[in-house]
Amino acid sequence: MESLISLKGHFHVFPSFSSKPRTTIPPTQVNTYRKNSFFTFSVRAQVEPNEGSASIATSSESVVDALKVKEWEVGMFHNEVAATQGIRIRRRPPTGPPIHYVGPFEFRLENEGNTPRNILEEIIWNKDIEVRHLKERKPIGMIRKDLEKAPPVRDFIGALRAANERTGLPGLIAEVKKASPSRGILRENFDPVEIAQSYEKGGAACLSVLTDEKYFKGSFENLELIRNSGVKCPLLCKEFIVDAWQLYYARSKGADAVLLIAAVLPDLDIKYMTKICKLLGLTALVEVHDEREFDRVLGIEGVELIGINNRNLETFELDISTTKKLLEGERGKIIRERNIVMVGESGLFTPEDIAYVQEAGVKAVLVGESIVKQSDPGKGISNLFGKDISV
């Protein structure tokens with residue numbers, strides 16, 4: 001969100017890492033840029049209808065009201081930008097404007113009201129609330145201190161390339177995952193460290209650790225436990241990123257990589273967050289689901305790792321031919337020219353599945369369900385690849 005908004009003046013709503021509301025709010029202007037249409041428009045502070053000048057908030061109540069107005073306007077604009085890029089996942093539930101709202105947006109209540117269109121949108125709405133509360137309890141200043149004590153970053157892409165060269169098969173990102181919204185509990189006897197160690201012993205190049213608690217029964221505690229257990233595999237923080245604050249938080253917990261979902265994040269957010277990742281040393285795995293998302297991501301400079309999720313976000317149906325379809329023709333050529341590492345995700349259960357996506361052009365695969373459900377996840381890896389890939 002921060003990348004979409006540039007608030008000028010003394011009162012900043014985004015980013016809100018360390019800024020504190022003041023009792024006086026001068027006229028503010030939000031400058032925005034929309035790709036393709038090359039237009040700029042302004043969102044200004046509330047204006048008195050007769051005087052034509054921005055109203056000045058002097059009481060704490062007025063400050064809160066003005067903040068609500070700005071947050072609502074930012075949310076409305078974010079959805080407008082996202083819609084122009086084919087993004088159907090709304091960041092927050094549609095709500096009416098704040099009381100006495102005076103501004104550029106004409107609010108239109110959508111037919112579905114506050115009901116999420118699909119499970120991903122439901123997750124994102126909950127994540128947005130969760131992150132706002134976390135940011136209040138743990139501002140960026142506190143996280144910066146934690147970053148000084150964080151373990152060194154490990155080379156996520158390098159580990160995948162090395163595994164691919166060593167085995168002649170896609171490098172494996174093995175997922176430490178207790179549950180999912182579509183499958184429920186995947187493993188009752190869930191010990192994240194034991195599973196991670198079994199994965200590493202079985203030949204995994206990297207690990208993906210679910211940190212979402214509500215829908216996947218994961219946690220950042222699991223991420224820290226694995227990082228501090230002696231496991232050497234680089235770790236992907238498998239989280240639903242909606243705010244740059246989460247990148248700092250993930251790194252402070254020992255993550256080496258994070259997931260950015262193109263179905264959720266507009267182009268400017270992805271650009272901004274990939275730059276933050278580079279500053280922190282994190283690898284960004286940018287996930288796409290269809291041609292339009294893939295084309296958007298290929299248009300963003302600096303992307304080095306792209307995942308193709310074979311799961312339909314609206315129906316949750318799986319089709320591994322999605323990987324092949326997206327890597328055919330010109331897109332595949334661009335990937336090879338830029339030396340981008342492609343990752344096949346979801347729907348991979350057999351050696352035949354692995355061979356299929358490898359032939360399509362992937363150099364790595366992200367697999368969770370088909371191996372975490374095995375009594376011995378390490379042996380599950382051998383079954384998945386049809387051979388022992390351990391070091």
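Here the structure is a predicted model, which means the values were calculated and not measured.
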Just so I know, are the side chains of [X] and [Y] near enough to count as touching, which here means a heavy-atom distance under 4.5 Å?
X      : Y      : value
Leu327 : Met342 : yes
Ile300 : Arg296 : no
Glu328 : Lys324 : yes
Asn310 : Thr323 : yes
Ser180 : Phe216 : yes
Val209 : Leu236 : no
Leu260 : Leu285 : no
Leu207 : Val231 : yes

[X] with [Y], same ILVMFWY side-chain cluster at under 4.5 Å:
X      : Y      : value
Leu147 : Leu247 : yes
Ile124 : Ile129 : no
Leu134 : Ile241 : yes
Leu280 : Phe220 : yes
Tyr356 : Val367 : yes

[X] side, atom [atom1]; [Y] side, atom [atom2] - distance, nearest 0.5 Å:
X      : Y      : atom1 : atom2 : result
Thr322 : Glu345 : OG1   : CD    : 11.5 Å
Lys178 : Asn189 : NZ    : CG    : 9.5 Å
Glu136 : Arg132 : CD    : CZ    : 9.0 Å
Thr274 : Glu304 : OG1   : CD    : 9.5 Å
Tyr249 : Ile140 : OH    : CD1   : 12.0 Å
Ser382 : Gln374 : OG    : CD    : 10.5 Å

Could you report the tightest heavy-atom contact between [X] and [Y], atom names first, then the distance?
X      : Y      : value
Ile320 : Ser346 : CG2-O, 4.0 Å
Trp245 : Pro139 : NE1-C, 4.3 Å
Ala159 : Pro234 : CB-CG, 3.9 Å
Arg227 : Pro151 : NH2-CB, 3.5 Å
Ala205 : Ala163 : CB-CB, 3.6 Å
Ile381 : Ile371 : N-CG2, 3.9 Å

Flag the pair [X] and [Y] as a salt bridge only when some basic side-chain nitrogen lies within less than 4.0 angstrom of an acidic carboxylate oxygen.
X      : Y      : result
Lys271 : Asp267 : no
Lys253 : Glu239 : no
Asp295 : Arg331 : yes
Glu369 : Lys177 : no
Glu175 : Lys238 : yes
Lys325 : Asp319 : no

- Check against side-chain hydrogen bond (donor to acceptor under 3.5 Å, both in side chains), Ser198 and Asp376: CA-CA 7 Å; Ser198 181; Asp376 183 344; 3.2 Å; yes
Tell me whether [X] contacts the main-chain N or O of [Y] through its side chain, where contact means a donor paired with an acceptor under 3.5 Å.
X      : Y      : result
Ser208 : Val176 : no
Glu121 : Arg117 : yes
Asp353 : Phe349 : yes
Glu200 : Ala196 : no
Asn222 : Pro192 : no
Asp256 : Leu235 : yes
Gln246 : Val242 : yes
Arg161 : Lys363 : no
Arg336 : Gly361 : no
Trp125 : Thr115 : no

- Task: Report the C-alpha separation of Val343 and Ile308 in whole Å, then their side-chain angles, then the decisive distance to 0.1 Å, and conclude whether the side-chain contact (heavy atoms from CB on, under 4.5 Å) test is met.
- Result: CA-CA 6 Å; Val343 183; Ile308 297 177; over 6 Å; no
- Task: Give the intermediate values and the outcome of side-chain contact (heavy atoms from CB on, under 4.5 Å) for residues Ile270 and Met273.
- Result: CA-CA 5 Å; Ile270 296 175; Met273 290 183 183; 6.0 Å; no
- Worked check of side-chain contact (heavy atoms from CB on, under 4.5 Å) between Val372 and Ile195: CA-CA 8 Å; Val372 78; Ile195 293 169; 4.2 Å; yes
- Can you check whether Phe240 and Tyr215 have ring centres sitting under 6.0 Å from each other?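 No: the rings miss the under 6.0 Å criterion.
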- Item | Worked check of side-chain contact (heavy atoms from CB on, under 4.5 Å) between Ile306 and Phe294 | CA-CA 9 Å; Ile306 301 176; Phe294 202 2; 3.9 Å; yes
Considering residues, nucleotides and ligands other than [X], do more than 12 of their heavy atoms fall under 6.0 Å from its [atom1]?
X      : atom1 : value
Lys127 : NZ    : yes
Glu221 : CD    : no
Glu337 : CD    : yes

- Message: Run Glu287 and Arg311 through salt bridge (charged side-chain N to carboxylate O under 4.0 Å, His left out) and show every step you take.
- Response: CA-CA 11 Å; Glu287 181 179 278; Arg311 190 183 299 278; over 6 Å; no
